[in-house]
There are 2 protein chains.
Amino acid sequence: MAHSGPKNSHSLTLQARIQTAEELGRFLRQFRQSQNLSQADVIGLANTGNRFIVELEKGKPTVQLQKVLDVIDLLGLELVIQKKGTRP
Amino acid sequence: MAHSGPKNSHSLTLQARIQTAEELGRFLRQFRQSQNLSQADVIGLANTGNRFIVELEKGKPTVQLQKVLDVIDLLGLELVIQKKGTRP
DNA sequence: ATGATTTATTACCTCACGGTAATATTTTGA
DNA sequence: TCAAAATATTACCGTGAGGTAATAAATCAT
């Protein structure tokens with residue numbers, strides 16, 4: 001379980017462009033924390049061990065695609081692919 | 001090289017939600033073709049062999065994240081991550 | 001401060017990613 | 001129809017992804 005309490009601090013970014021594994025890792029960690037979820041929560045829901053989550057959030061470049069997509073989905077997030085510079 | 005000529009047929013989707021490796025593969029292949037690029041073109045620009053591109057477009061779930069991101073970038077595409085159902 | 005919770009690291013291990021290069025198959029254009 | 005181009009498949013192979021389980025380190029709550 002996550003710890004507890006209203007510790008919802010910094011402004012939660014609702015969108016981010018992802019070019020690198022590191023950017024993705026940062027975003028996912030921040031988002032997970034903004035939802036007061038622990039890594040253990042994610043591990044429980046997804047099909048993974050702690051190692052994968054740690055490495056994903058750390059921005060490991062070689063994590064496997066579908067696992068990443070699973071985590072994203074399970075966090076209530078989605079990926080959109082589009083032509084570069086498509087305006088919001 | 002790609003073959004040639006104005007063979008720009010079916011309507012090119014400019015955005016897609018990506019939930020699975022297969023969806024991504026389909027999108028990337030379609031987009032590549034819409035640009036009249038061959039796999040060899042992509043292989044040349046990216047840092048990969050033919051095997052990776054074939055497998056990526058086929059929707060292999062275990063391809064490595066950063067390689068995928070590289071191909072996306074190099075095709076002039078980008079990924080956006082956002083809360084599910086964020087309206088365009 | 002201190003115990004509880006969360007996160008990170010490590011060792012062990014199996015399995016398969018993906019590069020290359022050769023070959024096969026499919027698709028395309030004239 | 002047929003040759004060229006594009007795509008797919010195969011074998012070979014080194015390297016590393018990631019599950020588990022144990023332990024360590026860091027963070028938090030009171």
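Proteins get letters first, then strands, A, B, ... in listed order; numbering begins at 1 in each. Nothing here was measured: the structure is a model prediction, and the numbers come from that model.
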Any [X] side-chain N or O less than 4.0 Å from OP1/OP2 of [N]:
X        : N       : value
Lys67(A) : dG18(D) : no
Lys58(B) : dA8(D)  : no
Arg32(B) : dT7(D)  : yes
Gln64(A) : dC17(C) : no
Arg29(A) : dA8(C)  : yes
Thr62(B) : dC17(C) : yes

Check ion pair Lys60(A)-Glu22(A) (N to O, under 4.0 angstrom)
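Salt bridge: no.
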Would you call Asp41(A) and Arg32(A) a salt bridge, taking side-chain N to carboxylate O under 4.0 Å as the test?
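Looking at Asp41(A) and Arg32(A), the cut-off is not met.
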Can you check whether Val71(A) reaches Leu75(A) side chain to side chain, under 4.5 Å on heavy atoms?
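The answer is yes, as the side chains (C-beta and beyond) meet within the 4.5 Å cut-off.
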Looking at the side chain of Ser38(A), which of dT10(D), dT7(C), dT10(C) is the nearest nucleotide?
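The answer is dT7(C).
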So if I take every side-chain heavy atom of Asn50(B) and compare against dT10(C), dT20(C), dC17(C), which nucleotide ends up nearest?
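Of dT10(C), dT20(C), dC17(C), dT20(C) is nearest to the side chain of Asn50(B).
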In whole angstrom, what separates [X]'s [atom1] from [N]'s [atom2]?
X        : N       : atom1 : atom2 : value
Leu37(A) : dT7(C)  : CG    : P     : 10 Å
Phe52(A) : dT20(D) : CZ    : P     : 13 Å
Glu57(A) : dT9(C)  : CD    : C1'   : 15 Å
Lys60(B) : dA17(D) : NZ    : P     : 14 Å
Gln39(B) : dT28(C) : CD    : C1'   : 15 Å
Glu55(A) : dT7(C)  : CD    : P     : 16 Å
Ile43(B) : dA8(D)  : CD1   : C1'   : 11 Å
Asn36(B) : dT27(C) : CG    : P     : 18 Å

If we count only N and O atoms by modelled type, under 3.5 Å, do the side chains of Glu78(A) and Gln19(B) hold a donor and an acceptor together?
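Gln19(B) and Glu78(A) do not have a side-chain donor-acceptor pair below 3.5 Å.
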Would you say Leu37(A) ends up clustered with Leu77(A) if hydrophobic residues are merged whenever their side chains have heavy atoms under 4.5 Å apart, either directly or through other cluster members?
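Yes, because Leu77(A) and Leu37(A) connect within a single hydrophobic cluster, where side-chain heavy atoms sit under 4.5 Å apart.
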